[in-house]
Number of protein chains: 2
Amino acid sequence: MSPKITTELLKQLRQVMKNPKYVQEPVQAYIVPSGDAHQSEYIAPCDCRRAFISGFDGSAGTAIVTEQHAAMWTDGRYFLQAAHQMDNNWTLMKMGLKDTPTQEDWLVSVLPEGSKVGVDPFIIPADQWKRMSKALRSAGHDLVPVKENLIDTIWTDCPQRPCKPLITLDLSYTGVSWRDKIVALRSKMAERKVLWFVVTALDEVAWLFNLRGSDVEYNPVFFAYAVIGMNTIRLFIDGDRMMDPAVREHLQLDSTLEPEFKIQVMPYGSILSELQAVGAGLSPKEKVWLSDKASYALTEAIPKAYRYLTPYTPICIAKAVKNSSETEGMRRAHIKDAVALCELFNWLEKEVVPKGTVTEIIAADKAEEFRSQQKDFVELSFATISSTGPNGAIIHYKPVPETNRTLSVNEIYLLDSGAQYKDGTTDVTRTMHFGTPSAYEKECFTYVLKGHIAVSAAIFPNGTKGHLLDSFARSALWDCGLDYLHGTGHGVGSFLNVHEGPCGISYKTFADEPLEAGMIVSDEPGYYEDGSFGIRIENVVLVIPAETKYNFKNRGSLTFEPLTLVPIQTKMIDVNLLTQKECNWVNDYHQKCREVIGAELERQGRHEALQWLIRETEPLVRV
Amino acid sequence: MSPKITTELLKQLRQVMKNPKYVQEPVQAYIVPSGDAHQSEYIAPCDCRRAFISGFDGSAGTAIVTEQHAAMWTDGRYFLQAAHQMDNNWTLMKMGLKDTPTQEDWLVSVLPEGSKVGVDPFIIPADQWKRMSKALRSAGHDLVPVKENLIDTIWTDCPQRPCKPLITLDLSYTGVSWRDKIVALRSKMAERKVLWFVVTALDEVAWLFNLRGSDVEYNPVFFAYAVIGMNTIRLFIDGDRMMDPAVREHLQLDSTLEPEFKIQVMPYGSILSELQAVGAGLSPKEKVWLSDKASYALTEAIPKAYRYLTPYTPICIAKAVKNSSETEGMRRAHIKDAVALCELFNWLEKEVVPKGTVTEIIAADKAEEFRSQQKDFVELSFATISSTGPNGAIIHYKPVPETNRTLSVNEIYLLDSGAQYKDGTTDVTRTMHFGTPSAYEKECFTYVLKGHIAVSAAIFPNGTKGHLLDSFARSALWDCGLDYLHGTGHGVGSFLNVHEGPCGISYKTFADEPLEAGMIVSDEPGYYEDGSFGIRIENVVLVIPAETKYNFKNRGSLTFEPLTLVPIQTKMIDVNLLTQKECNWVNDYHQKCREVIGAELERQGRHEALQWLIRETEPLVRV
């Protein structure tokens, strides 16, 4: 990778920072956040403004450009990548290190007195605006909204905002009609005494209307907002997508409906003025519900006294609890996904061992090929992490030609991959050795496996938050002085984003919502040795009720059921480090893989892969 | 218990709420918080204003009196007690139940428009003022400080504020002189660029000056504030305690000292005016460091721009990490405490079994008697929880004549007790059966024991926060559907408060500071069956470095060493539910009890108790 030369771009940006055509008053600093107007994790090319101005294209990072400086804040995952991708105009601010200043502190240290700091009010979340604005104000500066995005003014070949066709999902996939979802939402609104709800997250809009899109790679979403009143539904969306007869039928746009279910379709860009009109028409005690992560621009459209902000919206919470149609869909998707991976691993064993011609990229492509043969396959759910040897230790690795290694019988291979099927979203990591793993590699793998089982088999009371389970995944590693520097699990959408809130399993958060039956999360402890190898074992698991001997305070208990059914390589397990209970867990799991995936492989006539599955699911025996 | 009749008192309070002698404008509501001006957990009789006005004397509760209503907010521990102690004038607000309004919401619902809500600004912490003031303001009301405490104006027989003699602690107890503590504090102040530090918590004043007092029962503290500048030390304290030659010598009040170590002694009541003078004399960028729990009155004395507020003060954090003199003192204190408990349990076995004449109160008194025979005994560290049978299920039970039960061979007995010795503070819970426990009682006890061991034997990386260990204590209970509704551990002071921050082991908190070697916490999981029995196993444990096979990122690992060395009743253990590792832990622990406490019992010539100890520490054998 050679760095992007940004001298000329920064010069242009500094000019528009003073150009009265774009700014009321010159701004002495301009902030370029990572996100889009919906605070999406994955963004469309037209929203990659921070990558455009700096060259650094990791998933997290904030750029700040002043008249003299250009600085980039990113976290430990991206220190190396950012250093490679940025030229000398940029200072890398390593977040999480003790001496690294916060953005606010840095701004205060470099700005002349009484400076203006500009930011696109559509891109910055309201909570972040508030924090930053307060810090700047207390140092005598001002955070100011700059309506026209200054990067867009200098980005001459900026790609168009995507506007791709929509997919409609019928009841067999969603279990609940969009009408019933609106009814449920309105009842939550009534409970909290709010009159309006503003849907800003793309996956929330998609879920609410039982629609999917492909405007953003890996995430089956489309650019839209919605504003739901007690008697009105407004959908803000661009393009001719609403001309599609299937979509019109699905949304009943041409039917005679009760007025409260009549969807008014409006241009995507009119959200602000429409919301301002809503805000202007409110009487005292009438409230508008927004996520506290909604953009500053939309939040400001509602006068402060009328705002009702929560960290998680009722849609986010409802979406997380999958109904039986969604759960069944997720099960089907995971069976198909396991078929593809059995094919892949069988193919790898045959190719890697004798020939040695498979690279990380070839393996990733082959995985996609096998997945794409499965029914209702749509696309991958994230960029495949196909990594061998030392590349496996780079947690968010994605093979590119410059780093592409060949799989061999001497190195551990880590594959973290997943797909979007019309019936569900998958995300699975397996760590394999195609030769003979060392005792140390097996030892580390087994600790990770013990952690994976400790979470997967955990029984815990209803109402428990996921972060309370995180240490279970680490205990075996901690016992011998090891650990991993990422969370243990994230929520998974149902044919939606592979990362979704409000639940997860991580020591980092405290604001997660309690786990409840029907939620789906990943369980993915790991161990990484810089320069040598990476190990991760990841299943997607469903929260289910647990049967227990007693039932304290009638609270009921929960546990997890693995949806992912792909063998865990027994060659990597040091069986003597497992307890009998752990050993039984592995054997039961493999028995289920054999039964469920075996039947599907048989049905699909994939006999070689079936033989592979049978070999890989032989029971462990403790000596 | 019969309720306190408060009709006349409330009438008087409502009169002073309108009396221009005390309030600038009439207040329509008056808040009576639990605490004192130092936000102490344990308070002196003169500060029990909420108990005086309502009759409810639990440790947590806030009273609010309006012209029409009187309401009391308290938590689940005290629902029953509060209901018994309060008359019909009072409405009990059960915190934690879904339908219970917050204090702010309730005030908004009952107050006429534009009301004033009064509170003593010395009693309400600044963070609480801020929250409440904001909520009231947004509903059109005002929170106003009422300088004279309105309860004090009607409390004609209010006890005097205690002003008892001080104890000086020399280096052999404290390890660090007060001068060196001041030097370390000033260096933390310089790091954060603050010029002044205000010490408001009583245990922080005591720790800083290596002094102890007895103004508050169970907590060896004294009423005082301190204000530390870079060149000045001001101690705000009343009475003739500073006339004591030992104290004058200890603080070097009559010596010729460098001016920056010269202590200026000032009246306790002058803190506000002195702090206001400090505040008035500040130049821009000069800051004053306060706890964000300091009172609103003291916080307001410093103009907002000059305040530096943190949840934990540098003294709180330094105090939590015990030095070797303190650790050795804690070890000695725990040995003496174990001797007393061996005597007690031996005595109980001889009294309870054949005679059946021992009540909970007699047992508690006997425990105190044995403790008081030990060297450097000062007082108990909290009210002894001596509870048998169903009383054991009341987590914060304290035996009183009305509830006092007789210990028997048919019930589980739970004793949670501790003492202040000049060299350390103890807190230990043991659960015993003097007859034959049922299989179910043993099963529950063993799950609690498994949780206790899981925490005590846990190995975890340096930098881990205690709340991440909480689930380890619950896992065995969770597996069979059981749990307990309190945290697992709290910080313990060194001849100071038995509960201290900033560390602990609880699912409830996220803001705890990371555990580090030298910190001391309790490990006390339990199980409680309403109406039947209570089980808790509590040791005080010291955080120590752990030896591990590997050392990820050179972070180092930590574990715990039990300081409490009192046998855990093996009769209550179902050994078949223990793993071999757990069994070994119990046997190793008992071996250590036998060696260390045995030697001390021998030295003190307590032969009968020694025989009891030897019997109770026989190794477990798994079949």
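Throughout, a chain's letter reflects where its sequence line sits, starting with A, and its residues are numbered from 1. Reckoned from all heavy atoms, side chains included, excluding hydrogens, waters and symmetry mates.
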Most contact-rich option vs chain B, by heavy-atom pairs under 4.5 angstrom, among A/G481, A/A458, A/A546, is A/G481
Heavy atoms of A/L482 and B/F552 approach each other most closely as CA-CB, 3.8 Å
Counting heavy-atom pairs under 4.5 angstrom with chain B, the leader among A/S557, A/S138, A/S475, A/C480 is A/C480
Minimal heavy-atom distance between B/I459 and A/W478, with the atoms involved, is O-CB, 3.1 Å
NZ (A/K549) and CD (B/E443) are apart, to the nearest 0.5 Å, by 3.5 Å
Cut-off 4.5 Å, heavy atoms of chain A, and the answer for B/Q580 is neither
Applying a strict 4.5 Å limit to non-hydrogen atoms, the region of B/D479 in contact with chain A is both
Donor-acceptor list for residues 527-534 of chain A side chains, cut-off 3.5 Å, not counting sequence neighbours:
from	atom 1	to	atom 2	distance (Å)
A/Y527	OH	A/E529	OE1	2.5
A/Y528	OH	A/H486	NE2	2.8
A/Y528	OH	A/R536	NH1	2.7
A/E529	OE1	A/Y440	OH	2.6
A/E529	OE2	A/Y440	OH	3.4
A/D530	OD2	B/K553	NZ	3.1

Q. So with a 6.0 Å cut-off around CD of B/E191, is the heavy-atom count from everything else above 12?
A. yes
If one checks every heavy atom of B/K285 against chain A at 4.5 Å, the contacting part turns out to be neither
Does the distance from a Lys or Arg side-chain N to an Asp or Glu carboxylate O, for A/D483 and B/R555, drop under 4.0 Å? yes
Cut-off 4.5 Å, heavy atoms of chain A, and the answer for B/T559 is neither
Comparing A/Y507, A/Y484, A/F472 against chain B, the one with the most heavy-atom pairs below 4.5 Å turns out to be A/F472
